[in-house]
Amino acid sequence: GTKSLTKTRFTTSFVKTIRIRVLRPLETSPEWPSCEDKGGTSSLSASKWTTFLKASLICVDPVTKGNFNWLQDVFFVPASNWRHSKVYGLFTNTWGSSAVCVYSFGDIDNVFRTSRLKGYNGPNPEIKPGQCVSSGQHTPSETFKIADSHPEVEDRVEPLSPTKSPLFHNKHRYQKIGVHEVSASDGRRYNVLYLATDKGSIHKIVELPDGVQNIMELQVFPKKDPIQSMILDHKRAMLYIGSTDKVVEIPMDMCRVYRNNCDSCLLARDPYCGWFNGSCQSVYLNREVRQNLNLEPWQGKCQNGDIKEDDFQTITVVPFSRYYLNCPIESHYATYNWYHNNSLIKTCNTTHPQQDCFHFIQNVSHIHYGRYVCISEEDGFRQALVKEHLVNQLRFMSQKGQATMTFGSWLQLLLMVVLVELFH
Ligand SMILES: *[C@@H]1O[C@H](CO)[C@@H](O)[C@H](O)[C@H]1NC(C)=O
Ligand SMILES: *[C@@H]1O[C@H](CO)[C@@H](O)[C@H](O)[C@H]1NC(C)=O
Ligand SMILES: *[C@@H]1O[C@H](CO)[C@@H](O)[C@H](O)[C@H]1NC(C)=O
Ligand SMILES: *[C@@H]1O[C@H](CO)[C@@H](O)[C@H](O)[C@H]1NC(C)=O
């Protein structure tokens with residue numbers, strides 16, 4: 001049910017060119033323009049396309065005005081209205097940084113339809129280069145001549161409004177891009193970008209309401225073998241990554257990597273994963289999972305709800321004693337934060353190298369009890385490393401007693417209900 005519609009080539013000033021072939025989804029896009037590019041008919045124009053034109057894509061950092069000139073890869077994301085379909089362009093610059101700019105198909109179409117040809121001042125031919133002819137009609141050879149000598153349009157395509165700036169840019173040198181859409185438990189759809197680095201790893205980057213976040217780095221090949229190809233299987237939510245001699249299959253919903261602790265699962269802000277019944281689960285297995293994708297703070301989300309979600313280590317501490325909270329430093333590029341009852345109480349970073357991130361309580365009093373979490377953050381990747389619930393020994397024991405009492409009275413109540421039922 002698909003056929004090739006247009007052949008379009010994008011270039012920027014210095015770049016290798018990349019060809020996009022758009023496949024027309026017949027069932028979903030009734031308003032896709034009906035136009036077939038069958039090429040020329042004469043021996044000279046037989047191998048040429050009437051719609052073969054080039055337009056430059058602009059991708060500029062608005063702050064530094066730095067240009068990302070080198071188009072590395074593109075990814076097409078179709079929409080039911082073809083004008084809203086998007087083209088994700090992956091660019092690099094001379095310093096090896098990357099940027100992703102997103103263009104709408106409507107804007108690209110406008111540029112091709114309305115722009116003058118670069119450097120062409122002659123009279124407009126009957127059929128403009130790039131213009132679709134209806135089937136049966138022939139493109140005059142004059143059109144091919146002009147398209148041959150002036151293959152580029154003057155206007156350039158700007159990234160999507162309102163910002164008209166890159167979706168993001170960073171210091172990694174990416175080579176390939178793929179985009180997958182996932183429906184999260186809030187019913188909203190999120191775009192997840194997969195970017196292949198030049199070091200054999202994949203970055204998983206998600207578009208969230210407050211901007212993009214890099215949520216995972218996956219080293220695919222142990223020896224940093226360069227990634228030659230990356231294919232997305234949208235239906236099965238799988239990623240296929242190829243090197244020169246291997247192909248690996250990676251599920252997009254890898255939720256086990258988040259340490260199977262509730263805070264790490266929510267902090268990751270991975271739209272494929274959420275917390276349910278004591279584990280970090282895939283939304284494809286369970287749509288009821290608890291996630292943290294909107295602008296609300298993550299703190300405390302793991303503590304309400306059923307007791308199974310409270311995966312804190314309970315530690316009894318007597319009043320007036322000393323206590324050390326200890327968070328192991330695993331990476332010298334990360335920042336470590338201690339939270340007490342969801343408020344930040346201490347930050348450790350490696351400007352002062354130290355063994356671990358300590359928080360010392362000199363003289364434990366009632367205000368020191370409660371929940372402590374140590375969160376590490378590196379390059380956007382966040383996880384909860386230590387979770388401790390400090391309780392007062394006496395109160396802890398009395399709470400336990402209370403729980404047994406409640407359980408006992410509940411049993412009694414149940415027994416009474418059963419007896420009443422029997423007597424009926
Ligand atoms: C919760 O997990 C336990 C195992 O840890 C399982 O026995 C139980 O059926 C699960 N409950 C639900 C509602 O999925
Ligand atoms: C700890 O604090 C209590 C009162 O808050 C005080 O009586 C006690 O002397 C303190 N202990 C130490 C070791 O400072
Ligand atoms: C490191 O911590 C100090 C205070 O402890 C803070 O002033 C500084 O900004 C931190 N640096 C980074 C990179 O977080
Ligand atoms: C933290 O919470 C615990 C119990 O929930 C409470 O006893 C303690 O006073 C709280 N401390 C602060 C500083 O909020």
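Numbering starts at 1 and runs along the sequence shown. Read the numbers this way: they start at 1 and go in the same order the structure lists the ligands and their atoms.
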**Request:** Check H203, K199, H172 against E217 for a side-chain hydrogen bond (donor to acceptor under 3.5 Å, both in side chains) and give me the one that passes.
**Result:** H203
**Fill in**
Quick note, salt bridge (charged side-chain N to carboxylate O under 4.0 Å, His left out) partners involving residues 200-210, not counting sequence neighbours, are K204-D270, D210-R269
**Asked** Is any N or O atom of N341, backbone or side chain, closer than 3.5 Å to an N or O atom of ligand 4?
**Response** yes
**Asked** Under 3.5 Å, side chain of N261 to main-chain N/O of A384, donor-acceptor pair present?
**Response** yes
**Prompt:** Which pairs pass salt bridge (charged side-chain N to carboxylate O under 4.0 Å, His left out) with one or both residues in residues 230-243, sequence neighbours excluded?
**Reply:** D233-R236, R236-E249
**Item:** ligand 4 atoms in contact with G370 (distance to a heavy atom under 4.0 Å)
**Value:** 2 (O), 3 (C)
**Request:** List for me each residue that meets salt bridge (Lys or Arg N to Asp or Glu O under 4.0 Å) alongside D198, sequence neighbours excluded, and say none if there are none.
**Result:** R173
**Request:** For atom CZ of R287, decide whether the heavy atoms of other residues, nucleotides or ligands shown that lie under 6.0 angstrom number more than 12.
**Result:** yes
**Asked** Is the shortest N/O to N/O distance between I367 and ligand 4 below 3.5 Å?
**Response** yes
**Message:** Given a heavy-atom cut-off of 4.0 Å, could you list the residues near ligand 2 in chain and number order?
**Reply:** F320, N363
**Request:** Evaluate the ring planes of F68 and H169, with Trp represented by its six-membered ring, and classify them as parallel (under 30°), tilted (30 to 60°) or perpendicular (over 60°).
**Result:** tilted
